[in-house]
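Heads up: the structure comes next, in structure tokens.
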Amino acid sequence: MSSASMTFGRPARLVIPRGAEWFAQLAHLLIQAVQRADQWLLASARTEPKTAEEVLEWARRIERTEPGFAADLEAAALRAIDRDTRR
């Protein structure tokens, strides 16, 4: 073996290209902004029904995609409405 192929004692030099750190910071900020926007959109889409009428409306909206769940929601909402009207 020649001495040129053995590099045990020499420290390896790592040269970071110009602008790479700026690009990394910019990419990090962009990713954080996208994550914040995603969380904001998810939070704004979470509207939980608070009344029996809202549950009934929700059941009618999801009736095509989830008919069994919609039927259960509708039955529970109608029972709650009936119970409230009896009082």
Side-chain angles (χ1 to χ4, degrees):
M1 263 191 188
S2 69
S3 62
S5 65
M6 298 176 15
T7 58
F8 299 117
R10 285 188 259 160
R13 283 191 180 182
L14 178 63
V15 179
I16 299 174
R18 273 187 159 182
E21 289 181 19
W22 287 0
F23 178 76
Q25 289 175 353
L26 180 65
H28 179 70
L29 290 174
L30 181 65
I31 289 170
Q32 281 183 331
V34 168
Q35 287 175 339
R36 280 192 212 116
D38 183 46
Q39 291 299 320
W40 177 75
L41 285 172
L42 287 173
S44 67
R46 288 187 200 132
T47 54
E48 297 177 2
K50 294 182 179 26
T51 65
E53 289 80 14
E54 290 176 356
V55 171
L56 196 57
E57 186 180 316
W58 181 34
R60 290 189 179 133
R61 276 196 318 258
I62 66 169
E63 194 168 15
R64 287 186 190 153
T65 57
E66 300 180 53
F69 184 52
D72 291 343
L73 285 174
E74 187 175 354
L78 290 174
R79 276 195 309 270
I81 290 171
D82 185 47
R83 185 177 52 229
D84 290 343
T85 57
R86 279 193 254 149
R87 289 183 184 178

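Within 6.0 Å of CD in Gln32 there are more than 12 heavy atoms belonging to other residues, nucleotides or ligands.
Ala70 approaches Glu63 most closely through the heavy-atom pair CB-CA, 3.7 Å. In plain terms, the two heavy atoms of Arg60 and Glu74 that are nearest each other are NH2-OE2, 4.3 Å. Contact detail for Leu56 and Ala77: the closest heavy-atom pair is N-CB, 3.9 Å.
Under a hydrophobic clustering in which Ile, Leu, Val, Met, Phe, Trp and Tyr are joined whenever their side-chain heavy atoms come within less than 4.5 Å, directly or via other members, Val55 and Ile62 fall into the same cluster.
The structure places CD1 of Ile31 at 8.0 Å from NE2 of His28, a figure rounded to the nearest 0.5 Å. From Thr85, atom OG1 reaches atom CG of Asp82 across 4.5 Å, with rounding to the nearest 0.5 Å. The CZ atom of Arg83 lies 11.5 Å from the CG atom of Leu78; values are rounded to the nearest 0.5 Å. Interatomic distance, CZ of Arg61 versus CG of Leu73, reported as 10.5 Å (0.5 Å rounding).
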